[in-house]
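Inspection log for the structure reproduced underneath, given as structure tokens.
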Amino acid sequence: MESLPAGTPMHAKSNVPGDELLADLNPAQREATSAPAGPLLILAGAGSGKTRVLTRRIAWLIRRQGVPAQRILAVTFTNRAAGEMRERVESLLGQSVRGLWIGTFHAICLRWLKRHAPAAGYGPQLSVCDAEDQLSLLRRLLKEEGFDHSPRRARELQAIISRAKNRSQTAEQFQEAARSPAQMLAGRLYRAYQDALRRQSAADFDDLLLETHRLFSGHPEIADAYARQFEHVLVDEYQDTNHVQFLLVERLARVHGNILVVGDDDQSIYGWRGAEVRNILDFREHFPQATIFYLEQNYRSTRPILEFANAAIAVNAGRYAKQLWTERPGGGLPEFFLAADEDEEAEEVAARAVAARERGGRRYRDLAVFYRTHAQSRALEDAFLRRGIPYVIVGGIYFYARREVKDLLSYLRVLVNPRDETSLRRALTVPRRGIGERTLEALLAEIREQDADALEWIRARAPEGVPARARAALAAFGEMMAALRARLAEPPERILSEVVAATGYREYLREQGGDWEERLANVEELLESARLFTSRDEGGVAEYLDQVSLMTSGDALDARADAVTLMTAHNAKGLEFPQVFVTGLEEGLFPHASALEDREELEEERRLFYVACTRAKDELTLSASQIRRRFSSGAGGVSRFLGEVPRGLFRDVSAASLAAPVSSVHRPGRTGRERGAGPGRVGEEDSSAAQDWPAHARDEADHPWVGRRVYHPRFGHGLVTAVEGRGAQARITVRFHGGQTRKVLREYLEWEP
DNA sequence: TAGCCCAAAATTTTT
DNA sequence: TTTTGGGCTA
């Protein structure tokens, strides 16, 4: 004791700051969390607590190592994950960590590009264009050059460009490397596309990464400043990073060398998007000093579920061999059932959901249903609607990609960035105001030629030879936008509602007819989102647009509602649920048809299946259909993924489940239908389906939702009085407290007990 | 210039 | 089955 240097604390070990952060970790987690600085690779199997380690590590660095929060950069895969991680770190430390840099690669890169806009070659404002904007721009370019400008062709081109960008290949480099005439053509269009974006001071998603990389290469002093700032760089889901992301990470870690990455090669499911599993497999070659930690204890799933998943993924070659294990006892075997068709499959899932709640003591929010493609949600939604089971769809058509939403946002985009031609085109022509194609093209050509501020130009003069009607319309547009621009410093919500009013957008929708009520509801929701943004005081119109552009499907996941979650297997990554259904396990669907020819792609499908199964904590149900109504082909038989797993690891309950009526709404007489109905039989299927259903089942008055209590974020509490339509697009009439009756979209309602 | 009508394509996964 | 785009007409 005497030999202790003066000043060494004598108190118990738990009093050393930071020790409490390690207390409830297992040895491997503890070592990783408290590892000395340097390159660290954490190979974390599914459910092994990787998020836990990541958040503890950040808290450890701050508390134990005294690293200032602003010197830590943490990169996640989704905005939602970023938000959760920040929250967890704050609750661990019991303090706000405002300076901590945490976000997706895309969000962080956008921030940097805007900060260094001149160096990066952008104007003072930067527009982020989504997939739809990309396609319409590409189609316009194809058309101008006199090529086939079908959507299909544009999509091909988009994929080529995206792949090139993910490999960090610029248009010039692509052109140089081009060999075949087809490649040379693609290179030319890539270049034209890039020039157009540049002119508009716009970037697509891939540009956010690639242009940041180029900014760093072209301006080493900027890159060095960040590399010095970030003493520690942490990257989640490293197996899904692409080459450009690797380059960015490597550059940022160059000064301090403290790079920590977490991932699982078995969960790499974004190869199609340019992700390179090699990044994680070769980590030690990139960072020879790297220490590797293995997290193999699974805390999530019961043993039968884990054994099933382990067996499924074991088929893949070219993986880090690892064996996940669990101490969680017992639990039932995963069950599999084969349904006659997709409707029966959905019915069975719905029936099991009801049973889980009524007899299994689960809440609806404990359940999740996964599928390979969005299109599969349809049958499930129908089945859930019939039984009045509340559900939430994650993904699908993004709210912010809806026409009415994009229409209105295009005005804001133009106000913020007048060079954004894509948005200007939209704003000028929707709603229709007497400006046709000729006027539009003449106008845009002039603006381009004069390099003028679009809004100023429009206000000042109309192009030559334009009809009086269009001339007046342009002048009115110019005045309107000038008035709005003068108020741009006001909160986004105010500007947005001004746009709605000034354009007469509500009236326009009503005139359009069709599903105008739905669209109107979306407009109200958009205003609500802007109001929320304003109330959180997160910035002005430009910041609002940034947030909206990078917003993704999962981010809106609302934990308050007690509803079953429906989503694609891709969206399921990083989540967990007590009870999970993996549906549509058929050859050609899961694995998807596009992957059947290629071993690599097939392995990725298998990893996707593995990801889906390992989301389950207590119960896993797998299903397939004998017949699936699709445009091209039917179902291709039960997925090989099931055949590859030893029979003893799951239970086939097809016969039992199909023989017994699930409930009064179970559709009878569909079991014995033979497989492989020809294409001409589809119509018959439908008519027989209609006969099976009593007419009143479709009658809105008889709908199970009628009379239920609901909550709407804007209008408050109310009672359902009628339901029209089905699925996410169902319009529900609600009498709200206070007496007013409104039609609202189902997806914005929450169910109350 | 804009709205209506018909034909044809659509479905892989997302930041 | 639904959605989207192109062509035709007022």
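Side chains included, hydrogens not; waters and symmetry mates left out as well; all remaining heavy atoms used. All values derive from a computational prediction rather than experimental measurement. Quick note on labels: first sequence line is chain A, next is B, and so on, each numbered from 1.
- Between the CD atom of A:Gln158 and the P atom of B:dT13 there is a distance of 13 Å, rounded to whole Å.
- A:Thr439 comes within 4.0 angstrom of sugar-phosphate atoms only, judged by non-hydrogen atoms across all strands, and of no base.
- For the ring pair (Phe, Tyr, Trp, His ring centres under 6.0 Å) test, no residue two or more places apart in sequence or in another chain qualifies with A:Tyr371.
- Summarising the base pairing, B:dT13 is matched to no nucleotide, lacking a Watson-Crick or G-U wobble pair whose two defining distances lie under 3.5 Å.
- At B:dT14, one or more side-chain N or O atoms of A:Asn571 fall inside 4.0 Å of OP1 or OP2 (strictly under the cut-off).
- As judged by a 4.0 angstrom heavy-atom cut-off over every strand, A:Thr104 is placed among residues touching the sugar-phosphate backbone only.
- Here, B:dT13 and C:dT4 have their P atoms 15 Å apart, quoted to the whole Å.
- Atom CZ of A:Phe370 and atom P of B:dT14 are 13 Å apart (whole Å).
- A salt bridge links A:Arg426 with A:Glu132; the closest basic N to acidic carboxylate O contact falls under 4.0 Å.
- Map A:Phe105 and A:Gly434 each onto its nearest nucleotide of DNA chain B; the residue landing nearer the 5' end is A:Gly434.
- Residue-level contact check: A:Ile435 touches the backbone only, with heavy atoms under 4.0 Å from sugar-phosphate atoms and none from bases.
- Judged by a 6.0 Å distance limit and a 45° cone about the ring axis, A:Arg640 is not positioned over the six-membered ring of A:Phe590.
- In this structure, A:Arg372 does not reach the B:dT13 phosphate: none of its side-chain N or O atoms is under 4.0 Å from OP1 or OP2.
- Judged by distance alone, the side chain of A:Ser268 and the main-chain N or O of A:Asp265 form no donor-acceptor pair under 3.5 Å.
- Classification of the A:Phe384-A:Tyr391 ring pair by plane angle, with boundaries at 30° and 60°, yields perpendicular.
- Pair assignment for C:dT9: B:dA2, on the basis of Watson-Crick or G-U wobble contacts that are both within less than 3.5 Å.
- Taking every heavy atom of residues 266-277 of chain A and every atom of DNA chain B, pairs under 4.0 Å involve A:Tyr270, A:Trp272, A:Arg273, by number.
- For A:Arg378, the side-chain atoms get nearest to C:dT2 when compared with the rest of B:dT15, B:dA2, C:dT2.
- Stacking between A:His592 and B:dT12 is shown: the ring centroid lies under 5.5 Å from the centre of the six-membered base ring, and the planes differ by under 30°.
- Under a 4.0 Å N-O distance rule, the pair A:Lys50/A:Asp264 does not qualify as a salt bridge.
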What are the atom names and distances for every N/O pair under 3.5 Å that joins the protein to nucleotides 6-9 of chain C?
residue	atom	partner	partner atom	Å
C:dG6	OP1	A:Arg139	NH2	3.0

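- Exactly one of A:Val235, A:Thr104, A:Ile108 qualifies for a side-chain contact (heavy atoms from CB on, under 4.5 Å) with A:Thr76. That residue is A:Thr104.
- With rounding to the nearest 0.5 Å, the separation of CG in A:Leu157 from OG in A:Ser162 is 11.0 Å.
- In this entry C:dT4 has B:dA7 as its Watson-Crick or G-U wobble partner, both defining distances falling under 3.5 Å.
- Not one side-chain nitrogen or oxygen of A:Thr568 sits closer than 4.0 Å to the OP1 or OP2 atom of B:dT12.
- Contacts of A:Arg607 with the nucleic acid, taken as non-hydrogen atoms under 4.0 Å apart, are absent.
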